[in-house]
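One structure is given here, and the rest of the page talks about it.
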Amino acid sequence: MTLTPLVYWAQRHEEIYLRVELTDAQVSETRPLPSDITVGSESCAYQLPVFLQNIDVQVHDKVLQFRAQGHGAKGQNEYEFSLEFLFPVKPEVSYKSTQRQVNVVVRKEKRGWWERLVTQERKPVFLAPDFDRWLEESDAEMEIREKEERRNRLRSARLKEPGHCNLKTGFLFAYNLVQFLGFSWIFVNMTVRLFIFGKDSLYDTFHTISDVMFFCQTLAAVEVLNAAFGVVRTGVVPTFIQVVGRNFILFIIFGSLDEMHNQPVVFFVFYLWSAIEIFRYPFYMLGCFNTEWKTLTWLRYTVWIPLYPLGVLAEAVAVLQAIPIFDKNNLFSIPLPKAIGGSLSFSYVLQGYLILMFLGLFINFRHLHKQRKRRFRTKKRKAN
C-alpha cells in the first residue's frame, strides 16, 4: 500500500512552495575501505561516512512526482505522492532536505496568481495550506514591492558612496534626457506654430518637425535593446511593437511619400506621440535615481489612456491615405514571376498592417493597463 506524507503548500506570483512532512529523508551509513588499502605495513578497515540521497522529485508537463525514504506519519517507510498542477510549470525543480522536512520549490511557467494548486476542485486529503508562508495575492504584491524598495534603497546607498560611478544609471539618464529634450522641442514647437499660424501649421508639419522626429524615433531603437538585454525591467514585445510601429509610419508612410508631407494627419500623429513622451521620459529620468514626483507619476500612467488610442487612430488614417498613393506609383511593389506578369502592390501589405496595428493596440493597451493597475493598487494598499 502506497504511503503518502503530509504536504503543505503556499504560492507567490512566480513560485510554488511545498513542505513535505518527512524527517530523516537524507540518511547516511558507513562502509569499510577496500581490503587492499594499507597504511604503512598493515591493512586498515576504516569506516568512512557515505551519504546517500534517496529523494526523487520530478516534474513532467504539469505533474509533480515525489518519492523518498524517511520517517513520516507511518514511521520509517517509503512515501510518495503526485500533484497535477492547475497550470503548466517549469520542469526544473529544486528541493532541500532538513532533519524535519523536505522543502520543494517549483517555478510557474507564466507569472500569475492561481486560485488553487491542483486541477481537481477538491484537493487531496494529504494537501493543506502552509500558513507559515501563506500570503493573499495583495500581500504577495506588497511583498514584491517591499523587496524592490529595499533593493532601490541599497542601490541609492551605493550611489551615494564617495567615488561610486554607475555607468548604467548614467547611460539611462542621458538617454532619457536626450529623448525628453527632443520630444519637448517637438511638442512646444508645434504648439507655438499652431497658435501663431492656426490651420496653416497643419500642412507644413513634416517640413519643420520631421528632422527631430527622425532622430528621436531612430534613437528609440535603444529601448528595444535595453529590454532585450535586461538593462531595464520591461516587456520586450510591447516595446518592440511600439518602436517598430512608429518607425514604420514615420519612415515608410511619411518619409517615402512626398504626397503625404503636406497632409494634416502628420500634425496629429506627431503631436500625439510627443504629448505622451514628454511625461514618460522625465518619469524615467527620476527613476534612475529612485526619485518620484507623484504628479508626474500619475500623468505618466494616465495620459496614455486617451492619447495612445487616438495616436493609433491617426496612424491608421495615415495608412488609409497612403494606400491609393502606393497603388498609383507602385513604390515598394513586389515583382511577380514572368509567367504571371505584373507586380504585387505594396498596398496589400498596408492592408495587412492595419490589422496588425489594432492587434498591437490591444496588446500594448493591456500591458499599460496592467502596469497602471499594479502601480496604483500597490501604493494604495501600502498607504492603508
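As the structure is a computational prediction, the values presented were derived from the model and not from experiment.
Smallest separation of non-hydrogen atoms from Asp327 and Ser347: OD1-OG, 2.6 Å. The heavy-atom pair separating Val93 from Val105 by the smallest distance is CG2-O, 3.5 Å. For the residue pair Val266 and Met260, the shortest heavy atom distance occurs at CG2-O, 3.3 Å. Shortest non-hydrogen contact noted between Lys108 and Lys90 is O-CE, 3.7 Å. Counting all heavy atoms, side chain and backbone alike, Phe206 lies closest to Gly255 at CZ-CA, 4.2 Å. Leu299 and Phe279 get closest at one heavy-atom pair: CD1-CE2, 3.6 Å.
The backbone N or O of Val89 sits nowhere less than 3.5 Å from a side-chain atom of Lys62 that would complete a donor-acceptor pair. At distances below 3.5 Å, at least one donor-acceptor pair connects side-chain atoms of Asn176 with backbone N or O atoms of Leu172. The backbone N or O of Lys74 sits less than 3.5 Å from a side-chain atom of Asn77, completing a donor-acceptor pair. Under a 3.5 Å cut-off, the side chain of Tyr79 and the backbone N or O of Val20 do not form any donor-acceptor pair. Panel note: side chain Ser345, backbone Ser333; no donor-acceptor pair is recorded below 3.5 Å. With hydrogens and angles disregarded, no donor-acceptor distance shorter than 3.5 Å links the side chain of Ser210 to the backbone of His207. A side-chain donor-acceptor contact under 3.5 Å links Thr302 to the backbone of Trp298.
Using a 4.5 Å heavy-atom threshold, the side chains of Val57 and Gln65 count as separate. With a 4.5 Å cut-off on side-chain heavy atoms, Glu115 and Leu86 count as touching. Here the side chains of Val104 and Tyr17 are not in contact, with every heavy-atom distance at 4.5 Å or above. Within the 4.5 Å cutoff, the side chain of Leu64 has no heavy atoms near those of the Ser82 side chain. Within the 4.5 Å cutoff, the side chain of Tyr348 has heavy atoms near those of the Gln351 side chain. Phe66 has its side chain out of reach of Glu80: every pair of non-hydrogen atoms, C-beta onward, lies at least 4.5 Å apart. In this structure, the side chains of Leu18 and Asn103 stay at 4.5 Å or more apart for every pair of heavy atoms. Put simply, the side chain of Thr119 does not reach to within 4.5 Å of the side chain of Phe85, judged on heavy atoms.
Taking the charged nitrogens against the carboxylate oxygens, Glu14 and Lys110 have no contact shorter than 4.0 Å, which rules out a salt bridge. Ion pairing between Glu92 and Arg107 fails under the 4.0 Å rule for side-chain N and carboxylate O. Here Glu277 pairs with Arg246 in a salt bridge; the nearest charged N to carboxylate O distance falls below 4.0 Å. Residues Glu15 and Arg12 are not paired through a salt bridge, judged by the lack of any N-O separation under 4.0 Å between the basic side chain and the carboxylate. Salt bridge Asp130/Arg19: present, at least one basic N to carboxylate O contact under 4.0 Å. Remark: Asp204 engages Arg193 in a salt bridge, criterion side-chain N to carboxylate O under 4.0 Å.
The CD atom of Gln217 sits 6.5 Å away from the CG atom of Leu250 when rounded to the nearest 0.5 Å. For the atom pair CG (Leu202) and CD (Gln263), the distance works out to 11.0 Å, reported to the nearest 0.5 Å. For the atom pair OG of Ser184 and OH of Tyr281, the computed distance is 11.0 Å after rounding to the nearest 0.5 Å. For the atom pair CD1 (Ile241) and CG (Leu359), the distance works out to 7.0 Å, reported to the nearest 0.5 Å. Between the CG atom in Leu3 and the CZ atom in Phe126 there is a gap of 12.5 Å [rounded to 0.5 Å]. The CZ atom of Phe346 sits 11.0 Å away from the CG atom of Asn329 when rounded to the nearest 0.5 Å.
There is no side-chain donor-acceptor pair under 3.5 Å between Tyr8 and Gln101. Of the N and O atoms on the side chains of Glu292 and Thr297, at least one donor lies less than 3.5 Å from an acceptor on the other residue. Side chain to side chain, Tyr271 and Thr191 meet the donor-acceptor criterion of an N or O pair below 3.5 Å. In this model, a donor atom of one side chain and an acceptor atom of the other lie less than 3.5 Å apart for Arg300 and Tyr284.
Here Phe87 and Trp114 bring their ring centres to under 6.0 angstrom of each other. Taking the six-membered ring where the residue is Trp, the centroids of Trp304 and Phe365 are separated by under 6.0 Å. For an aromatic pair to be called close, the ring centres must be under 6.0 Å apart, and Phe173 with Phe289 satisfies this. Ring centroid separation for the pair Phe251 and Phe214 comes in under the 6.0 Å cut-off.
Note: the hydrophobic cluster containing Phe183 also contains Phe215 (ILVMFWY, side chain heavy atoms under 4.5 Å, direct or indirect links). Both Phe131 and Val7 belong to a common hydrophobic cluster when Ile, Leu, Val, Met, Phe, Trp and Tyr are linked at side-chain heavy-atom distances under 4.5 angstrom. Placement of Phe171 and Leu181 within a single hydrophobic cluster is found when ILVMFWY residues are connected by side-chain heavy-atom separations under 4.5 Å, directly or transitively. No continuous path of ILVMFWY side-chain contacts below 4.5 Å connects Leu6 to Val102, so the two sit in separate hydrophobic clusters. Hydrophobic clustering places Val178 together with Val232 (ILVMFWY residues linked when any side-chain heavy atoms are closer than 4.5 Å, directly or through intermediates).
The other members of the hydrophobic cluster of Val243, by chain and number, are Val224, Phe240, Val244 (side-chain heavy atoms under 4.5 Å, ILVMFWY only).
Within 6.0 Å of CD in Gln120 there are more than 12 heavy atoms belonging to other residues, nucleotides or ligands. Under a cut-off of 6.0 angstrom, the local environment of NZ in Lys328 is sparse, with at most 12 non-hydrogen atoms contributed by other residues, nucleotides or ligands. The neighbour count for Trp293 CH2, taken as heavy atoms of other residues, nucleotides or ligands under 6.0 Å away, does not exceed 12. Within a 6.0 Å sphere centred on CZ of Arg111, heavy atoms belonging to other residues, nucleotides or ligands number more than 12. Other residues, nucleotides and ligands contribute at most 12 non-hydrogen atoms within 6.0 Å of the CZ atom of Arg100. Other residues, nucleotides and ligands contribute only 12 or fewer heavy atoms inside 6.0 Å of the OH atom of Tyr203.
Figure legend: cation-pi geometry between Lys123 and Trp9 absent, as NZ or CZ is not positioned both under 6.0 Å from the six-membered ring centre and within 45° of its axis.
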I'd like to know whether Ser256 forms a side-chain contact (heavy atoms from CB on, under 4.5 Å) with Phe332, so could you lay out the CA-CA distance, the side-chain angles of the two residues, the decisive distance to 0.1 Å, and finally the verdict. CA-CA 10 Å; Ser256 63; Phe332 302 137; 3.7 Å; yes

Just do the ring pair (Phe, Tyr, Trp, His ring centres under 6.0 Å) check on Phe283 and Tyr301 with the steps written out, would you? CA-CA 10 Å; Phe283 171 80; Tyr301 285 102; 5.5 Å; yes

Steps toward side-chain contact (heavy atoms from CB on, under 4.5 Å) verdict (Phe229, Val236): CA-CA 9 Å; Phe229 291 103; Val236 179; over 6 Å; no

With side-chain hydrogen bond (donor to acceptor under 3.5 Å, both in side chains) as the test, would you mind laying out the steps for His369 and Gln371 before giving the verdict? CA-CA 5 Å; His369 176 69; Gln371 280 189 331; over 6 Å; no

Under 3.5 Å, which donor-acceptor pairs link side chains of residues 306-326 to any protein atom two or more places apart or in another chain?
unit_1	atom_1	unit_2	atom_2	d
Tyr308	OH	Asn364	ND2	3.1
Glu315	OE2	Trp273	NE1	2.9

